[in-house]
Amino acid sequence: MRSFAREPHALVTACRRMIDRQPAIAPLWWLGARLLTAPDPAVEIERVLAELADDSTVRELEFAVPANSSVCVIGWPDLVGEALLRRGDLRVLVVDVRREGSGFVARLVQADVDCDDVPVEGMAQAIAASDLVILEASAACPTEVLAVSGSYAAAVIARRLEVPVWLGLGVGRLLPANLYAALVERAGLDNEPWHQDDER
């Protein structure tokens, strides 16, 4: 993107191609919107990179989770996963969705974190055995969240069981409602939503 910063037409094309290739990645929409509306895209690129580097989501989660808790997560959450890897006192129950959970469990085992690989069928029992459910949003707007498939069910079950639910939302993932709606439409997330990797 830096190479197109001084060429407005090329920058528009580059942003369009970037989003066409990965339409469900909120930070790409956030980046594109920032660059295309900035008075100086070259300066804005540096601001965006600094904001991403300074993202405190992992640190905040790392310190916010109560000591010696059992935490349930869905799949392999990037930011939430990094926070849990840094803690040695937690038990992590990983619900295996999209065949990602087993890989995350292997990573947790390498870091000497107490964890269990939970099949989707065991989600309710895993949540019942947890002190906290932490979901991770890949995109969000003020009224809605886009997260890995299974997150909605986990939130409903947790609410029914009165288990607290937290949402991990990193820099660039919270979008204005109109930009979020464009992401949902471009990614085709309303077409047979029961077959999608992410759910609203």
Side-chain angles (χ1 to χ4, degrees), residues 24-26 55-171 173-175 177 180 183-184 187 189-200:
I25 307 296
D55 186 355
S56 64
T57 306
V58 172
R59 282 191 313 276
E60 295 291 333
L61 279 171
E62 181 184 355
F63 291 112
V65 177
N68 302 308
S69 296
S70 289
V71 179
C72 183
V73 297
I74 309 300
W76 190 333
D78 297 325
L79 300 172
V80 172
E82 186 63 31
L84 298 177
L85 281 165
R86 296 179 182 187
R87 294 282 300 266
D89 63 330
L90 304 177
R91 178 173 184 229
V92 183
L93 302 173
V94 181
V95 179
D96 191 6
V97 297
R98 294 187 348 191
R99 294 173 298 281
E100 292 180 347
S102 297
F104 184 43
V105 167
R107 180 69 183 93
L108 289 166
V109 167
Q110 286 177 341
D112 202 26
V113 175
D114 182 19
C115 59
D116 286 297
D117 190 354
V118 178
V120 173
E121 299 83 6
M123 180 189 300
Q125 293 302 317
I127 292 170
S130 298
D131 301 307
L132 178 65
V133 173
I134 307 180
L135 305 175
E136 183 168 316
S138 56
C141 70
T143 59
E144 190 171 288
V145 168
L146 181 66
V148 67
S149 184
S151 297
Y152 184 60
V156 169
I157 292 167
R159 181 178 173 109
R160 178 74 174 103
L161 297 174
E162 298 182 352
V163 176
V165 179
W166 291 3
L167 180 68
L169 183 64
V171 169
R173 298 182 189 198
L174 179 61
L175 303 174
Y180 176 86
L183 178 152
V184 168
L189 295 172
D190 283 336
N191 301 330
E192 297 187 336
W194 45 88
H195 291 303
Q196 301 291 342
D197 288 339
D198 293 311
E199 63 187 5
R200 297 167 61 197

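Just so it is clear, the model here is predicted, and its values are computed rather than measured.
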Distance (rounded to the nearest 0.5 Å) between Tyr180 OH and Leu146 CG: 5.0 Å

Please report the interatomic distance CD1(Ile74) to CE(Met123), rounded to the nearest 0.5 Å. 4.5 Å

Between the side chains of Arg91 and Asp131, is the shortest nitrogen-to-carboxylate-oxygen separation below 4.0 Å, so that they form an ion pair? no

What heavy-atom pair brings Leu85 and Arg107 nearest, and what distance separates the two atoms? CD2-O, 3.7 Å

CG of Asp114 to CG of Asp116: how many Å apart, nearest 0.5 Å? 6.5 Å

Mind checking whether Leu132 and Ser69 have side chains closer than 4.5 Å, heavy atoms only? no

In terms of heavy-atom contacts, Val133 and Ala158 come closest through CG2-CB, 4.0 Å

Given 3.5 Å as the limit, does a donor-acceptor pair link the side chain of Glu199 with the main chain of Gly150, or not? yes

With a 4.5 Å cut-off on side-chain heavy atoms, are Leu189 and Leu183 touching? yes

What are the two closest heavy atoms between Leu90 and Pro66, and how far apart are they? CD2-O, 3.6 Å

Among Leu84, Val118, Leu108, which residue satisfies the side-chain contact (heavy atoms from CB on, under 4.5 Å) criterion with Val94? Leu108

Expected output: side-chain Asp89 to main-chain Asn68 donor-acceptor under 3.5 Å: yes

I need the minimum non-hydrogen distance between Val109 and Cys115, along with the two atoms involved. CG2-SG, 3.7 Å

With a 4.5 Å cut-off on side-chain heavy atoms, are Ile127 and Cys72 touching? yes

Got a second to check how far Arg86's CZ is from Leu61's CG, nearest 0.5 Å? 10.5 Å

Could you check whether atom CD of Glu144 has more than 12 heavy atoms from other residues, nucleotides or ligands sitting under 6.0 Å from it? yes

Rounded to the nearest 0.5 Å, what separation is found between the CZ atom of Arg173 and the CG atom of Asp78? 6.0 Å

Here the pair of heavy atoms bringing Asp55 nearest to Val171 is OD2-N, 3.1 Å

Would a 4.5 Å heavy-atom cut-off, applied to side chains only, mark Ser138 and Val148 as touching? no

Shortest non-hydrogen contact from Val58 to Leu79? CG2-O, 3.6 Å

Is there side-chain contact between Val65 and Ile134, with at least one heavy-atom pair below 4.5 Å? yes

Atom pair OG1/CG of Thr57 and Leu167 - distance to nearest 0.5 Å: 10.0 Å

Backbone of Arg87 reached by a side-chain donor or acceptor of Glu62 within 3.5 Å: no

